[in-house]
2 protein chains.
Amino acid sequence: MSRNPRKNTSPRATIDDVAAEAGVSIATVSRVLNGITHKASAKTQQHVLDVVARLDYRPVHAGRALRTMRSALVALFVPDTSNMFYATIADAIASHLKDSGSSMILCNTRDEPAIQDRFLEEMESHLVNGIVLLGAVDSPGLRQAVANRLPVIFLNRRPPAGVDAPYIGVDNPLAGREVAEHFLERRWIPAGAIHGPLTSSASRGRYQSFRTQLARAGVKLEKRFVQPADLTIASGYQAAVDMLSERPYPRAIFCGNDLIAYGLYWRCCELKIRVPSELAIFGFDDNPLNEWLAPWLDTVRVPYEDYGAAVARALSLLSESPRRRIPREVILPHRLVIRR
Amino acid sequence: MSRNPRKNTSPRATIDDVAAEAGVSIATVSRVLNGITHKASAKTQQHVLDVVARLDYRPVHAGRALRTMRSALVALFVPDTSNMFYATIADAIASHLKDSGSSMILCNTRDEPAIQDRFLEEMESHLVNGIVLLGAVDSPGLRQAVANRLPVIFLNRRPPAGVDAPYIGVDNPLAGREVAEHFLERRWIPAGAIHGPLTSSASRGRYQSFRTQLARAGVKLEKRFVQPADLTIASGYQAAVDMLSERPYPRAIFCGNDLIAYGLYWRCCELKIRVPSELAIFGFDDNPLNEWLAPWLDTVRVPYEDYGAAVARALSLLSESPRRRIPREVILPHRLVIRR
DNA sequence: CATTATTAGGAAAACGTTTTCCCTGAAGAG
DNA sequence: CTCTTCAGGGAAAACGTTTTCCTAATAATG
């Protein structure tokens, strides 16, 4: 019978109300709701479910979390919310999480270690079931978190050296080589590159293997045709200003991501450089806006949609067997997108 | 002294550990951490804080939530995560929430009532401190939620008729009138419009007062120069295909938002219509990408940044005085952005 | 028939907080 | 000196779950 006979004043029914109304104990209600079928007869189960529906009972997560020390929450860390590429991945992940009953807390780290660490602490306090680091940056708190066995997953950027945690992403070095091959086929020489921060494994992998693959074919990147940039439009624009300060221009430029490519394109417009006939631009990510706003852009398509399922799968493995071996990395397929 | 002498095996310290270590009761620890200064001497407070720091203690939210029936969570409902306009607002809100110690759960409703209702139920179970509806859609669950006194706030779109809840947003009808005035000044006649779903108070307000203001000056919108669309690029493109199927074209078109304008622009490019000299395009929102990708677009700037503070403020009012009168609406200033 | 195994379910402990009482000692008022 | 007030702090209840034991009745086995 109900444990707590006090009448419930709030508009919401609790498990006690359900138990009282159904004439069973709260243990039974809990078990039925959690699908523990072998502890209650079919008749009882159905009866409880009926009462649950009638009272519109829904368990409060806090109670469950307190008992099980696991919440129905997953945190997604994103370095830049304004990048649609990340937004799309966030959406894919959120929709898969919803299928497994979890909600997603969004944390914008702005690529700053201090902010990331504050969020890591906060998410630990929330007992989140997973911390998905889309574009993590190295930080003391990150290493601490992994050491404390927090359920972290690295997305898109590999864990920093010495940190052992699962990784999901594309094969950046392979993609970089393929882009180089494309440059060579098209005789896009001299070639240039505006690469992202080399502290990021993704940016580094793309750029370095692009460069070495060209070198293998005897093509050197001129020093002034290589510029670093942050992964933003503004930064790409600035790099373009520097690189295109005098002629001759490179025949084509490989950019660390699509936003950099947007910035470069803007500068090309200002300089009346025709894209791609005069100067071709190659990006990375295949930002969903490209189709409409950047038909001039060749790029590497990263399979957003697949991220959602991959993350959901990794998280479920992580939670059901925190200590067992789970795949250390999942490599998703990319694809070069060449626009006419 | 400590209530629970059992040794804590987990890596994380609990309030019991802190109390034991500091030689005080858990009540005192709790009070110190919550800033109840008049229940502990300054010396005790400092001592407790020292121990808290030494043990790296951080309260588990679930315990607190269970006791207080309020979590440190706020839900943000968004109709379309892939719209950078919404992403930017989400970011502004999240960063203000973080300042007040809350985290943000992101819910993508896809503008569908059924999905919105599922999220509403889920968020109620999470005991969220606020549900911020950025672009709400009418639904049974929404009315239920307001009736149940859930802490909802309407952003950008007003609550549906008969629903009493606070609203934060711009003055859409005023903006629509101003755009009409601009059209008249520039002699942009004949004018056209691709408006968003008229079920949305925002889309309706913009479009209708644009139309009536033109009418007041004796300018009628021709029927074939008015098309409905969803607030997406693809839908804007489709509307443009229909509207521009034959000449003559309108001199300028007012779009329900910037994404529609992007779709329209794409069609103009296909048809070799010069923008804006031949056909001017006016959008709404001032998508952050415009600066770089859509220099041809005039638009209405909605003050993203102000949304964060306004929401944080409304939420704090809502939580500290759930029944007291709080402002029924907060109107933020907009501004016409006219690009050369 | 006597024993054992199984099924169905309940009582109560636990999870980590906050908060309501309550108590003690000391200071202040008369 | 007695009475009141107040500052400082503790014990324990409560929040809503899940889960570990435990028990009673029934079914299976010898």
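Lettering follows sequence order; numbering is per chain, from 1.
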(request) Please name all residues satisfying side chain to side chain contact (heavy atoms under 4.5 Å, CB included) with A94(B), sequence neighbours left out, ordered by chain then number. (result) M104(B)
(request) Rounded to the nearest angstrom, tell me the gap between atom CG in D17(A) and atom P in dC15(D). (result) 11 Å
(message) Applying side chain to side chain contact (heavy atoms under 4.5 Å, CB included), can you list everything that pairs with S82(B), at least two apart in sequence or on another chain?
(response) M84(A), D80(B)
(request) Check whether any side-chain nitrogen or oxygen of T28(A) sits under 4.0 Å from OP1 or OP2 of dG10(C), and answer yes or no. (result) yes
(message) Going by the rule side-chain hydrogen bond (donor to acceptor under 3.5 Å, both in side chains), which residues pair with N148(B) if we only count those two or more places apart in sequence or in a different chain?
(response) Q144(B)
(message) One pair to check against salt bridge (charged side-chain N to carboxylate O under 4.0 Å, His left out): R58(A) and D56(A). What are the steps and the verdict?
(response) CA-CA 7 Å; R58(A) 283 186 307 275; D56(A) 191 26; 3.0 Å; yes
(request) Could I get the full list of side-chain hydrogen bond (donor to acceptor under 3.5 Å, both in side chains) partners for R313(B), not counting sequence neighbours? (result) none
(message) Over all strands shown, is S30(B) touching base, sugar-phosphate only, or nothing at heavy-atom distances under 4.0 angstrom?
(response) base
(request) Quantify the bending of the helix from dC1(C)-dG30(D) to dG30(C)-dC1(D) as the angle between its end axes, each fitted on five pairs, to 10°. (result) 40°
(request) Report the residue (S41(B) or R31(A)) whose heavy-atom-nearest nucleotide on DNA chain D is the more 5′ of the two. (result) S41(B)
(message) Can you pull out every salt bridge (charged side-chain N to carboxylate O under 4.0 Å, His left out) where at least one residue sits in residues 31-52 of chain B? Sequence neighbours excluded, please.
(response) none
(message) Could you work out, with side chain to side chain contact (heavy atoms under 4.5 Å, CB included) as the rule, every residue matching P151(A), not counting sequence neighbours?
(response) L318(A)
(request) Could you state the atom-to-atom distance from CG of D16(A) to P of dT18(D) in whole Å? (result) 12 Å
(request) Quickly work out the L33(A) CG to dT18(D) P distance and round it to whole Å. (result) 7 Å
(message) Both Y57(A) and A42(B) contact DNA chain D. Taking the nearest nucleotide for each, which residue is further toward the 5' end?
(response) A42(B)
Sequence neighbours excluded and cut-off under 3.5 Å, please list the side-chain donor-acceptor pairs for residues 59-67 of chain A, or say none.
residue, atom, partner, partner atom, Å
H61(A), NE2, E122(B), OE2, 3.0

(request) Calculate, to the nearest 0.5 Å, the distance between atoms CD1 and CZ belonging to I115(B) and F77(B) respectively. (result) 11.0 Å
(request) Nearest whole angstrom, please: distance from the C1' of dG9(D) to the CD of Q45(B). (result) 12 Å
(request) Please determine, for the side chain of A27(B), which listed nucleotide (dC22(C), dT17(C), dT19(C)) has the closest atom? (result) dT19(C)
(message) Measuring from the side chain of S25(A) (C-beta onward, heavy atoms only), which nucleotide among dG10(D), dA11(C), dG8(D) has the closest atom?
(response) dA11(C)
(message) Under a plain distance cut-off of 3.5 Å, with no hydrogens placed, do Y307(A) and N156(A) share a side-chain donor-acceptor pair?
(response) yes
(request) Grab the NE2-C1' distance between H61(B) and dT17(D) for me, whole Å please. (result) 19 Å
(request) Taking salt bridge (charged side-chain N to carboxylate O under 4.0 Å, His left out) as the test, write out the residues that go with R118(B), two or more places apart. (result) none
(request) Using a 4.0 Å heavy-atom cut-off across all strands, classify A62(A) as base, sugar-phosphate, or nothing. (result) nothing
(request) For S201(A), check side chain to side chain contact (heavy atoms under 4.5 Å, CB included) against everything at least two apart and list the hits. (result) R157(A), R158(A), R204(A)
(message) Contact list please: residues 124-131 of chain B against DNA chain D, heavy atoms, distance less than 4.0 Å, in numerical order.
(response) none
(request) Provide, to the nearest angstrom, the distance between the CD atom belonging to Q46(A) and the C1' atom belonging to dA8(C). (result) 17 Å
(request) For I26(A) and dG9(C), give me the distance from atom CD1 to atom P, rounded to whole Å. (result) 16 Å
(request) Whole angstrom is fine here: how far is it from CZ in R58(B) over to P in dT17(C)? (result) 11 Å
(request) Strictly below 4.0 Å, heavy-atom distances to any atom of DNA chain C: list the hits from residues 63-73 of chain B, or just say none. (result) G63(B), R64(B), L66(B), R67(B), T68(B)
